[in-house]
Structures are given as structure tokens and as C-alpha cells.
Number of protein chains: 2
Amino acid sequence: MSEQNTPSKRVTLAEVAKLAGVSQMTASKVMRETGSISGPTHEKVKQAANQLGYVPNRLAGSLRSKSSDIVAVVLPSINDSIFGDVVSGINSVLRPKGYITFIGETQLESQSEEDMLRTVLSLHPAGLILTGGIARSENATQMLQSWRCPTIQIWGDSASRVDGTVGPNHKDAGSLVANHFCERGITAPAYIGAELQKDLCAAERFEAYRSALRSRGISINAIVEDAMPRQWETGRVLAERLMRDHPETDAIYCLNDAIGLGALSWLHQEGFDVPERVAVAGFNGTSWINAVRTRLTTVNVPRYELGQMAATSLTDLLDGKRIASTSQLPAELIYGNTT
Amino acid sequence: MSEQNTPSKRVTLAEVAKLAGVSQMTASKVMRETGSISGPTHEKVKQAANQLGYVPNRLAGSLRSKSSDIVAVVLPSINDSIFGDVVSGINSVLRPKGYITFIGETQLESQSEEDMLRTVLSLHPAGLILTGGIARSENATQMLQSWRCPTIQIWGDSASRVDGTVGPNHKDAGSLVANHFCERGITAPAYIGAELQKDLCAAERFEAYRSALRSRGISINAIVEDAMPRQWETGRVLAERLMRDHPETDAIYCLNDAIGLGALSWLHQEGFDVPERVAVAGFNGTSWINAVRTRLTTVNVPRYELGQMAATSLTDLLDGKRIASTSQLPAELIYGNTT
DNA sequence: CTGCTATGGGTTATCGATAACCTAAACTTG
DNA sequence: CAAGTTTAGGTTATCGATAACCCATAGCAG
């Protein structure tokens with residue numbers, strides 16, 4: 001529309017101050033709504049800022065004030081439907097308070113988490129929300145320790161010293177399913193999963209499931225494939241392997257809903273009656289989002305609320321309040337039509 | 001373990017330089033691998049940095065050099081399974097090149113996008129990846145215009161001047177479904193959707209669908225509820241309303257897969273045979289991720305690749321290469337068992 | 001041996017905002 | 001009405017890194 005004569009130079013606070021006819025400090029105080037400034041002066045500065053389209057440079061601001069409103073969230077993966085909800089919950093609390101969230105993906109690799117952490121710390125965030133219950137590198141733990149940035153951990157626990165942990169009760173999740181299977185009169189329960197050496201929370205559920213059954217004198221068949229991703233396709237593959245190796249299996253507890261749905265898909269394809277011949281249960285509650293006919297029995301995790309709780313804990317911490325070091329969300333079994 | 005005597009002070013480049021016995025500038029050059037530095041000096045600095053656990057302060061670095069490696073990605077929502085994949089694709093390209101991505105959610109609100117943009121620009125990002133095909137505020141457009149930050153737009157087009165757009169061919173998506181319905185001998189096709197005034201891409205698909213059918217002399221019944229979210233529940237509600245108001249309907253094109261699955265869920269519940277009595281089609285391809293028995297016919301969008309293409313365009317742009325102003329990913333109809 | 005260019009490294013100023021402190025006028029209050 | 005306090009605003013120094021420039025010494029050709 002107009003000529004492109006604007007020099008690519010960005011408007012600074014000094015220019016705003018000059019246009020408003022005040023000192024730079026005064027302009028700064030107006031922009032931050034601090035100090036004591038008279039009505040007319042406030043107005044003049046605001047107007048000047050608007051007129052010039054001033055956007056503060058937070059790099060400079062944060063550098064000087066040694067405070068920032070960046071909160072870094074580090075997750076295993078975002079296209080995992082679990083964490084999408086969690087992030088939404090986090091944002092719903094953080095955004096209104098003026099924080100801005102930076103999200104990093106680690107792909108469940110501890111080296112990647114370490115790199116990620118280094119990168120985000122270099123921006124001097126106000127706080128961190130990390131995912132616990134995953135194997136964390138020695139270096140990363142060290143870095144967290146020495147950096148002393150307010151940190152909340154979600155999902156699961158870990159050895160690193162953090163200020164608080166918010167997550168579901170994984171042990172209960174495992175034993176709830178075990179008990180449910182027993183009530184249904186299951187005699188040959190099984191488990192399928194993957195990457196348990198990295199996903200310590202899943203390992204915890206698995207152990208709770210196994211030990212709850214053992215205490216009733218029932219042993220299980222487990223297939224754990226550490227080299228496969230925790231996804232739908234893996235569910236299909238492992239279900240096939242399981243039913244071939246242990247045809248007597250009449251109930252399968254799956255690491256998560258994605259694997260559960262994959263298993264179901266293979267079972268249906270092969271003509272197994274579910275739940276009459278084989279029952280299937282998962283974990284997360286994500287399978288219900290888009291269910292049409294099959295509603296996988298699963299343990300629901302209130303993901304959005306989890307995000308909100310974590311974010312609230314973090315802002316409380318940043319506001320100097322005391323927070324609970326651990327909050328566990330209760331595990332809730334939701335009954336579908338697969339058990 | 002050890003005493004907590006470390007003063008909360010962070011290690012600076014000056015300290016690294018002192019320990020290494022060189023000037024600060026030399027240390028800076030070593031850290032950035034620029035300038036001419038001898039082997040031994042390089043080694044000394046690196047060692048000192050490691051020993052102290054030095055993490056550069058990018059706020060300071062970026063402030064001075066007026067360059068940053070932040071790329072901001074602004075999306076309608078992340079728990080929408082579409083964008084999770086897109087972000088993964090983006091990260092897969094950007095992370096290895098040393099960029100770090102900020103992710104903002106707008107909830108499809110243009111005011112929220114504007115706020116987000118202001119916040120993100122205050123960090124002086126190297127580039128932006130925005131979502132097009134949504135209503136954008138006048139202020140936001142203005143800001144983008146005057147800020148001149150390399151910007152790639154994904155998903156759809158918009159009036160704002162950006163450097164490139166990468167997205168699926170929405171028009172084709174609509175007409176492909178229309179043609180498919182015709183081949184199936186459909187006589188009373190319908191459409192259900194929501195928030196079309198905000199989701200301009202969906203509106204484009206809808207228009208293409210309608211006009212393709214009109215050109216064959218077929219008119220459609222459409223139910224568009226602008227106040228409802230574009231989700232599963234909405235699909236159920238709108239399907240019910242549609243079948244009540246227009247019981248002759250024998251095919252439904254849904255705004256997206258989530259609504260499509262919701263519609264299917266209601267149709268199954270009410271005993272409608274799918275696809276014999278009513279056919280259903282959606283858009284995205286996300287419904288197949290967790291499919292068990294029902295595979296919704298849909299138009300697939302290669303979401304991960306879309307993210308990769310957008311990120312590649314952006315880095316090319318940042319490297320000074322010329323890029324295509326528009327890249328359209330071909331719409332591909334995938335045949336499920338609902339049509 | 002003179003003049004020229006690399007090599008290796010140091011000096012100084014600066015990015016844009018804000019902390020910390022200061023000052024003058026206006027306003028209380030006993 | 002003198003002395004203390006508040007109000008409104010300004011001055012100066014600084015956050016931590018890097019751009020831009022400078023200066024030795026070494027190497028090398030003529």
C-alpha cells in the first residue's frame with residue numbers, strides 16, 4: 001500500500017520516549033505499569049507506543065532484569081495424543097498470567113532431552129515443566145541441579161531433584177486392571193508393551209499388574225519389545241506374536257491405548273471375539289476421543305487437568321507460595337466394551 | 001550430595017575466559033567456532049567451559065548480534081491431532097539445524113493470535129510459521145507487515161503478506177469427495193460442519209464440494225453450526241439434527257475426521273447401516289491412526305511431510321535461497337469402509 | 001632486507017531495556 | 001509553619017555477549 005521506505009530498524013523504547021517527550025525510564029515504567037506516573041504522562045507514552053507500533057524487546061528486558069516469562073515444557077512427543085491435552089491444560093493456566101510456553105520434543109531419547117534442556121536454559125526461562133518417569137541422563141540431572149530453575153515434573157517420578165511432581169497413580173492403574181480381569185474370571189492374562197527401559201511409568205504399571213495377579217496366584221505371559229515404538233502398529237505385531245506363542249491367552253493388558261487399539265484391530269481381523277474370547281484393556285483414556293463402535297476398557301488420565309495442575313503448581317512456586325511436592329491424580333478405570 | 005554452597009549466580013563467558021587464561025572475545029570465538037583460533041587455545045577454552053558447566057546466555061547473544069535461532073510456530077490448537085504431526089515434522093527439520101521452536105495456541109481466536117504474535121515477536125525470532133486459512137485480525141496483519149520477519153504459512157492461504165504458503169489443496173479435497181459420492185450413486189448428499197467463519201479452509205472445501213455437486217445438478221443439505229467446536233461431540237449432535245431434518249440423506253461429508261467419527265458414532269447407535277443407508281466421509285486422515293473396525297473414508301493430508309516442507313522452506317529462506325511462494329500438497333482420497 | 005599478507009588474539013563500544021538510586025516539587029501533620 | 005513523606009520523574013550503571021576494529025608476530029616473495 002504505502003511505500004516500503006521503512007528502514008528494517010525496529011522501534012525502540014528510546015524512540016517512544018522521545019515522541020512522548022519523556023525520559024526513557026519513564027516510558028519503561030509506563031509500559032510495565034510500575035512506579036508512580038501521572039495520568040497524562042501515562043497517556044502520552046501509551047499513545048506514542050501505539051503510534052509507532054512499539055513491541056518491547058524482551059531479550060534486552062530479560063537480560064537486564066534477570067527475569068523472564070518463558071516457561072519451557074519438555075515432552076517425549078506432541079503428536080502423542082496424551083500430551084496435546086496436557087499442553088492445552090498448561091497453556092490455559094500460563095497464558096492468562098502472561099507466561100509464554102516453549103515446547104520441546106525429546107522422542108523419549110535421554111540425549112535429546114539433555115540437548116533440549118541446554119538449549120532452553122540458555123534462554124533463562126522462569127520455570128520448567130519436564131516429563132518424569134523417563135530415563136534421564138546424568139548430565140541432564142547435573143544441569144538441573146546446578147541451574148536451580150523452578151521445575152515441575154509431570155507424568156511420573158524421577159531421581160532428579162525437582163520442586164514438584166504431578167501425575168497419575170501408575171501403580172493403581174496396573175492393579176485396577178488386574179483386579180478387573182480377575183472379576184471377569186480371566187484365567188490366562190497377558191501383557192504387551194514396548195520401550196519399558198525408557199518409559200519407567202509404563203514399567204511401574206506393568207509391575208503393579210503383574211504383582212497384583214501374582215498375589216492371587218496367577219502368573220502372566222508378557223511380550224515386551226524394547227526396540228519398537230509405543231504405537232498402534234506395535235500393538236498389531238505384538239498381539240499376533242502373543243496369540244501365536246500363548247494361544248490360551250484370554251486377556252491382554254496393553255502398555256497404552258494406542259497399542260491396545262492396534263491389538264484390537266488385529267484380533268478383529270483374525271476373528272477373535274472380544275471380549276468373549278480375549279479381553280483387552282489399555283491406559284490413557286485417549287481411545288475414547290474418536291471411538292465409533294469399539295470402546296477400549298482403559299484407565300483414564302485427566303490430561304487437561306493434569307496440565308492445569310502442573311502449571312498452577314509452577315506459578316504458585318514462582319509466586320513464592322509453598323506447593324505440594326507430589327500430587328497424584330487418582331487412576332480411574334473406565335469400562336468399555338472390550339472386557 | 002555436596003553442600004549447596006554454589007551461589008545461585010550463573011557462569012558467564014568472562015569466567016570461562018579467565019579460567020582458560022584468554023580474553024573474553026577469544027572464548028566467545030571458540031564457543032561459536034568462528035575466527036581463527038589455534039588448537040591448544042581452543043582446547044583450553046572448551047575444557048574450562050565444560051569444567052564450569054557453562055551455558056551461554058542467548059538473551060545477551062541475540063540482543064547483541066540481532067539474530068536468534070528461535071522459530072515461533074503459531075497454531076489453532078495442539079491437541080488437535082493434525083497439528084501434533086505437523087509440529088513433529090517441523091521439529092525434525094529445525095532441531096538438527098540448531099533452531100528451537102516456540103509453539104503457541106490460538107484456539108482459533110484471532111484476538112488470541114494477535115496477542116500471541118506480539119509476545120513471540122518480542123523475542124525477535126529468526127522466523128515464523130503461522131497457520132493460514134483462518135480469519136486474521138487487522139492488527140496482526142499490520143504487525144506482520146511492519147516487522148518483516150521471514151514467515152511461512154501452513155495449512156491455508158490468507159490475505160497477509162507472507163513469504164510462502166504450504167498446505168493441502170482444499171478445493172480438490174472437496175470435489176474429490178463430491179465425485180466419489182456421485183460414483184457411489186448418491187442422490188441426497190449433505191454436509192455438516194462448524195465454525196466456518198473462522199476456518200476458511202474448511203469453508204473452501206465445503207464450497208468446492210457444493211459446487212462440484214451443483215455442476216451435476218445435485219443440491220445438498222448443509223448444517224453448519226458456527227457456535228460449536230469442530231469436534232467429535234459436534235459430529236454426533238449435527239448428525240442427529242441432519243437425519244431428523246432431512247431423513248432422505250444418504251451421504252454426509254463432514255468438516256473433518258473428528259466430526260465424521262462423531263457422526264458415525266451416532267449413526268451406529270441409532271442403527272443406520274453405514275455405508276448402505278448413509279455414507280460418511282471426512283477430512284485429514286487422522287481417523288486411521290487408531291482405527292479398529294471403522295475406517296472412515298477421508299482425504300488424507302501428509303501432515304508430517306507438511307511440517308517438514310514448511311520448515312525446509314523457512315530455513316531455505318533464512319539461508320537466503322529463493323523459495324516457491326506456494327506449495328500445494330495433493331489431496332488424496334483414501335477409501336475406508338464408510339462409503 | 002623490505003614490504004606485504006595471514007594468523008592468532010585482544011580492545012572497545014554496543015545491543016535495548018531496567019535496577020538502583022537520586023531530586024525537586026507537592027502534600028501532610030503536629 | 002517547619003519537618004517529614006509522598007509523588008512524579010530523571011540519571012547512571014549494568015545485564016552478558018558479540019560486532020567491528022586493531023595489533024602483534026610469523027611467514028614469505030622479490
Side-chain angles (χ1 to χ4, degrees), chain A residues 7-46 48-49 52-70 118-119 121-126 147, chain B residues 7-46 48-49 52-70 118-119 121-126 147:
Chain A
S8 181
K9 201 92 178 64
R10 261 122 213 199
V11 180
T12 72
L13 190 55
E15 298 171 53
V16 173
K18 200 161 91 182
L19 178 61
V22 299
S23 80
Q24 184 174 328
M25 199 63 236
T26 303
S28 172
K29 284 174 186 160
V30 170
M31 296 312 292
R32 286 174 301 142
E33 313 282 347
T34 62
S36 56
I37 302 290
S38 71
T41 306
H42 190 277
E43 204 47 39
K44 269 192 303 184
V45 173
K46 277 285 186 196
L52 296 175
Y54 172 66
V55 176
N57 183 336
R58 290 200 202 216
L59 297 174
S62 294
L63 174 61
R64 178 64 242 247
S65 68
K66 292 176 175 304
S67 73
S68 89
D69 29 27
I70 293 172
R118 206 186 312 278
T119 306
L121 289 182
S122 75
L123 288 167
H124 291 241
W147 199 267
Chain B
S8 182
K9 200 92 178 67
R10 261 120 213 199
V11 180
T12 73
L13 190 56
E15 300 171 53
V16 172
K18 200 162 90 183
L19 179 61
V22 299
S23 79
Q24 184 173 327
M25 198 62 235
T26 303
S28 172
K29 284 175 186 159
V30 171
M31 295 313 292
R32 287 175 299 142
E33 314 283 347
T34 61
S36 56
I37 303 289
S38 71
T41 306
H42 190 278
E43 205 45 40
K44 270 192 301 184
V45 174
K46 277 286 186 196
L52 297 175
Y54 172 66
V55 176
N57 182 336
R58 288 199 204 218
L59 297 173
S62 294
L63 174 61
R64 178 64 241 248
S65 68
K66 292 176 175 303
S67 73
S68 89
D69 29 26
I70 293 173
R118 206 186 315 278
T119 306
L121 288 182
S122 75
L123 288 167
H124 290 240
W147 199 268

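Of the candidates dT18(D), dA20(C), dC15(C), dT18(D) carries the atom nearest the S28(B) side chain, counting heavy atoms from C-beta on. Candidate nucleotides dG10(D), dC15(C), dC15(D) were compared by shortest atom distance to the side chain of V22(A), and dG10(D) ranks first. In the set dA19(D), dG16(C), dG8(C), dG8(C) carries the atom at the smallest distance from any side-chain atom of S38(B). Candidate nucleotides dG16(D), dC15(C), dA17(C) were compared by shortest atom distance to the side chain of A60(B), and dG16(D) ranks first. When distances run from any side-chain atom of L63(B) to the nucleotides dC15(C), dG10(D), dA17(C), the shortest one goes to dC15(C).
Rounded to whole Å, atom P of dT18(C) lies 12 Å from atom CD of E33(A). Counting to the nearest Å, the P atom of dC15(C) and the CG atom of L13(A) are 14 Å from each other. Between R58(B) atom CZ and dA17(D) atom P the separation is 12 Å, expressed in whole Å. For the pair M25(A) CE and dG16(C) P, the computed distance is 17 Å after rounding to whole Å. Following rounding to the nearest Å, L123(B) (CG) and dA17(C) (P) show an atom-to-atom distance of 13 Å. Whole-Å rounding puts the K66(A) NZ to dG16(C) C1' distance at 16 Å. One can place CG of L59(A) at 9 Å from C1' of dG16(C), the figure rounded to the nearest angstrom. Regarding E43(B), its CD atom lies at a distance of 15 Å from the P atom of dG8(C), rounded to whole Å.
Looking at K29(A), its side chain comes within 3.5 Å of the base of dG10(D) through a donor and an acceptor atom.
Taking side-chain N and O atoms only, Y54(A) has a distance below 4.0 Å to OP1 or OP2 of dA17(C). Listed pair S23(A) / dG10(D) meets the phosphate criterion, a side-chain N or O lying under 4.0 Å from OP1 or OP2. Between S62(A) and dC15(D) there is no side-chain polar atom (N or O) within less than 4.0 angstrom of OP1 or OP2. Within the 4.0 Å cut-off from OP1 or OP2 of dA19(C), at least one side-chain nitrogen or oxygen of R32(A) is found. The side chain of T41(A) places an N or O atom within less than 4.0 Å of a non-bridging phosphate oxygen (OP1 or OP2) of dG9(D). For the OP1/OP2 pair of dA8(D) and a distance below 4.0 Å, the side-chain nitrogens and oxygens of T26(A) include no atom meeting the criterion.
Atoms OG and CZ, on S28(B) and R64(B) in that order, are 11.0 Å from each other to the nearest 0.5 Å. Going from atom NZ of K46(A) over to atom CD of E43(A) covers 9.0 Å, rounded to the nearest 0.5 Å. Atoms CG and CZ, from L121(B) and R10(A) in turn, are 7.5 Å apart once rounded to the nearest 0.5 Å.
You'll find the side chain of R58(B) reaches within 4.5 Å of the side chain of D69(B), heavy atoms only.
Between T12(A) and Y54(A), the shortest heavy-atom distance links the atoms C-CE1, 3.7 Å. Scanning both residues, W147(A) and V55(B), for their nearest heavy atoms gives CZ3-CB, 3.6 Å.
Place G21(B) and V55(A) on DNA chain C by their nearest nucleotides, and G21(B) ends up nearer the 5' end. With DNA chain D read from its 5' end, the first of the two nearest nucleotides for Q24(A) and Q24(B) is the one closest to Q24(A).
Residue-level contact check: S36(A) touches the bases, meaning some heavy atom is under 4.0 Å from a base atom.
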